[in-house]
2 protein chains.
Amino acid sequence: MALKHTILAFLSRQPLSGYDVAKEFAEGFGSCFWKASQQQVYAELTKLEQQGSVTYEAIPQPGRLDKKIYSITDQGQQELLDWLTQPCEPAAIREDLGVMGLAGHLVSSQVVIREIERRRQLHVEMVQHVKKLDEHFSQHLDSLDLKDLYMHLVIRRGIRYQEEWVAWCDEALQAIGQTVKR
Amino acid sequence: MALKHTILAFLSRQPLSGYDVAKEFAEGFGSCFWKASQQQVYAELTKLEQQGSVTYEAIPQPGRLDKKIYSITDQGQQELLDWLTQPCEPAAIREDLGVMGLAGHLVSSQVVIREIERRRQLHVEMVQHVKKLDEHFSQHLDSLDLKDLYMHLVIRRGIRYQEEWVAWCDEALQAIGQTVKR
DNA sequence: TTATTGTATTCAAAAACTTGAATACAATAA
DNA sequence: TTATTGTATTCAAGTTTTTGAATACAATAA
C-alpha cells in the first residue's frame with residue numbers, strides 16, 4: 001500500500017500537521033489522485049512516528065491539544081527513495097459506474113441516461129477544480145524546475161482523467177440515444 | 001463496497017462457477033474495471049449464498065470437490081436493482097505513479113523517465129487486450145441491443161482509459177525531456 | 001447572537017482486502 | 001515422461017480501509 005509513501009512524499013516537500021496532510025488528500029493532490037480520511041492520516045502518522053520515519057514538533061496551543069508538525073526523517077526519506085526506485089503496477093479502476101454497465105439492462109434506459117448525465121456534470125466540475133490546482137504551474141511552464149514540473153504532470157494526469165470521463169459520458173449518451181431510438 | 005454488486009451483476013447475465021467469476025475479474029471486465037482475488041470471490045459467493053442473494057447447484061465431480069454453479073435469486077436481483085437506481089460516486093484514483101510525481105525530485109530524472117516508459121508499454125499492451133474484448137461488440141455496433149451496448153460502452157471506457165495513459169506518458173516524457181535539456 | 005464552517009485530534013468497531021498456503025486432477029507442451 | 005498451465009475450491013492470518021462518533025475552540029456569516 002502506498003498511503004505511507006504518499007504521506008512521506010508530502011512531508012518530503014514540506015513539514016505539515018496531520019490536518020494539513022488530510023486537507024491535501026481532500027482538496028489538493030488527493031482530489032484527483034488519492035483519497036484518505038482524516039482518521040487514516042492521523043493513524044498512519046502515529047505509526048510512522050513510532051517507526052521512526054517521521055518526527056513531530058509539538059506546538060502547544062492554549063486550551064487544547066498540541067498541534068503536531070510532522071517532518072520526514074532521514075530514515076523516512078530512505079524508505080521513500082527505496083520505494084520510488086521500484087517499478088510500480090497500474091492501479092485497478094474500481095468504478096461503480098462500470099458495474100452499472102454490466103447490469104444496466106435491468107433498469108430503464110432513462111435511469112442509465114440520468115446517471116451518466118449526473119456523472120458528466122460532476123466531472124465537468126472536477127476539471128475546473130483540478131485546472132485551478134494547475135494554474136500556478138501552467139503559467140510558468142517554460143521556467144519550471146523538475147520538482148514543479150513533476151507536480152504539474154501529476155495534476156495534468158488528473159485533468160486528463162476528468163476530461164476523459166466527460167468525453168466518455170458524451171460518447172455513451174449519444175450511443176444510448178441512438179440505440180433507444182432504433 | 002461493490003464487490004457484492006459486481007458479482008451479482010455477472011450472475012444477472014448468466015450462471016457461473018466461482019472459478020468463472022474469478023476469471024472474469026482477472027481477464028474480462030476486471031482486467032479493465034475491477035479486480036478481485038479468487039479468495040475474495042469465493043468468500044463473497046459463500047456469504048451471498050448464506051444471505052439468500054444467490055443459490056448454487058452442486059455438480060458432483062468424481063474424485064474431487066463439487067463444482068458449484070451459482071445463479072442470482074429474485075432477492076439478489078432486487079438488491080442489485082436497488083443499488084443500480086441509487087446515484088454512485090466517482091471512484092478515487094489510487095495510483096502509485098501519481099505519488100511518484102510528488103517525490104520524483106528525490107530521484108534522478110533517468111529513474112522517472114524509465115518508469116514512465118515502462119508504464120507506457122504496459123498500457124499499450126492493455127489497449128490491445130481490452131480492444132480484443134470489444135471486438136465482438138464493435139463489429140455489430142449498429143445492431144447491438146441495449147444489454148450488449150452497455151457492455152460495449154463499459155469496455156470502451158476501459159479502452160479510453162488505457163489510451164489516455166499512453167497519451168499522458170507521451171506528454172510527460174516530452175516535457176521532462178525538454179526540461180532536462182534546459 | 002446564533003449558527004455554520006474551519007482548524008485540530010483521537011478512539012473504536014466493522015468491513016474489506018491482501019497474502020500465502022493447501023488440495024486435486026486434467027490437459028497440453030517440452 | 002516430466003513439467004507446466006488450467007480448472008476448481010477452501011482456509012487462515014494479517015493489514016487496510018470504512019464508518020461513525022466524540023471533543024474543542026476560532027472565526028465568520030446571517
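Each chain gets a letter, A, B and so on, in the order the sequences are listed, and its residues count up from 1. Only heavy atoms go into these numbers, but all of them, side chains included; no hydrogens, no water, no symmetry mates.
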Exercise for review: Determine which pairs satisfy ring pair (Phe, Tyr, Trp, His ring centres under 6.0 Å) with at least one residue from residues 107-133 of chain B, sequence neighbours left out, and list them in order.
Suggested key: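 Non-adjacent pairs meeting ring pair (Phe, Tyr, Trp, His ring centres under 6.0 Å): His123(B)-Trp165(B).
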Show which side-chain atoms of residues 174-182 of chain A pair as donor or acceptor with protein atoms under 3.5 Å away, not counting sequence neighbours.
| unit_1 | atom_1 | unit_2 | atom_2 | d |
| --- | --- | --- | --- | --- |
| Thr179(A) | OG1 | Ala175(A) | O | 3.0 |
| Arg182(A) | NE | Asp142(B) | O | 3.4 |
| Arg182(A) | NH1 | Asp142(B) | O | 2.6 |
| Arg182(A) | NH2 | Asp142(B) | O | 3.4 |
| Arg182(A) | NH2 | Leu144(B) | O | 2.7 |

How many whole angstroms separate atom [atom1] of [X] from atom [atom2] of [N]?
X	N	atom1	atom2	result
Lys67(A)	dT9(C)	NZ	P	7 Å
Gln40(B)	dG14(D)	CD	P	19 Å
Ile59(A)	dT9(C)	CD1	C1'	15 Å
Glu89(A)	dT18(C)	CD	C1'	15 Å
Glu24(B)	dG6(D)	CD	C1'	16 Å
Tyr56(B)	dA8(D)	OH	P	17 Å
Leu45(A)	dA8(C)	CG	P	14 Å
Glu44(B)	dA16(C)	CD	C1'	9 Å

List for me each residue that meets side chain to side chain donor-acceptor pair (under 3.5 Å) alongside [X], sequence neighbours excluded, and say none if there are none.
X	result
Arg120(B)	Asp170(B)
Gln40(A)	none
Gln121(A)	Glu125(A)

**Study point:** Partner set under salt bridge (charged side-chain N to carboxylate O under 4.0 Å, His left out) for Lys131(B), not counting sequence neighbours
**Key:**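 Scan of Lys131(B) (salt bridge (charged side-chain N to carboxylate O under 4.0 Å, His left out), adjacent residues dropped) gives Glu163(B).
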Review point. When you check the phosphate oxygens OP1 and OP2 of dA16(C), does a side-chain N or O of Lys47(B) lie under 4.0 Å from one of them?
Key: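 Affirmative; the distance criterion is met.
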Review point. Should Lys23(A) be listed as having a side-chain N or O under 4.0 Å from OP1 or OP2 of dG6(C)?
Key: no
Exercise for review: Could you check whether the rings of Phe25(B) and Phe10(B) sit parallel, tilted or perpendicular, using 30° and 60° as the cut-offs?
Suggested key: perpendicular
Point to revise | Charged N-O contact under 4.0 Å between Glu44(B) and Lys4(B) | key: no
Enumerate, atom names and distances included, each donor-acceptor pair closer than 3.5 Å involving a side-chain atom of residues 84-91 of chain A, sequence neighbours excluded.
| unit_1 | atom_1 | unit_2 | atom_2 | d |
| --- | --- | --- | --- | --- |
| Thr85(A) | OG1 | Leu81(A) | O | 3.0 |
| Thr85(A) | OG1 | Asp82(A) | O | 3.1 |
| Glu89(A) | OE2 | Arg118(B) | NH2 | 3.1 |

**Study point:** Arg94(B) or Glu27(B), whichever maps to the more 5' nucleotide of DNA chain D
**Key:**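 Looking at DNA chain D, the more 5' nearest nucleotide goes with Glu27(B).
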**Study point:** Contact list for DNA chain D against residues 13-22 of chain B - heavy-atom distance below 4.0 Å
**Key:** Ser17(B), Gly18(B), Tyr19(B)
Side-chain polar contacts of residues 97-109 of chain A - donor-acceptor pairs under 3.5 angstrom, sequence neighbours left out - could you list them?
| unit_1 | atom_1 | unit_2 | atom_2 | d |
| --- | --- | --- | --- | --- |
| Ser108(A) | OG | Gln110(A) | N | 3.3 |
| Ser108(A) | OG | Val111(A) | N | 3.4 |

Check your understanding: Taking five pairs at each end of the helix from dT1(C)-dA30(D) to dA30(C)-dT1(D), what angle separates the two helix axes (nearest 10°)?
Key ->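 Axis angle across the helix from dT1(C)-dA30(D) to dA30(C)-dT1(D), nearest 10°: 50°.
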Any protein N or O atoms within reach of nucleotides 10-12 of chain D? Criterion: under 3.5 Å, listing atom names and distances.
| unit_1 | atom_1 | unit_2 | atom_2 | d |
| --- | --- | --- | --- | --- |
| dT10(D) | OP1 | Lys68(B) | NZ | 2.7 |

Check your understanding: Among all residues two or more places apart in sequence or in another chain, which pass the ring pair (Phe, Tyr, Trp, His ring centres under 6.0 Å) test with Tyr70(A)?
Key -> Tyr56(A)
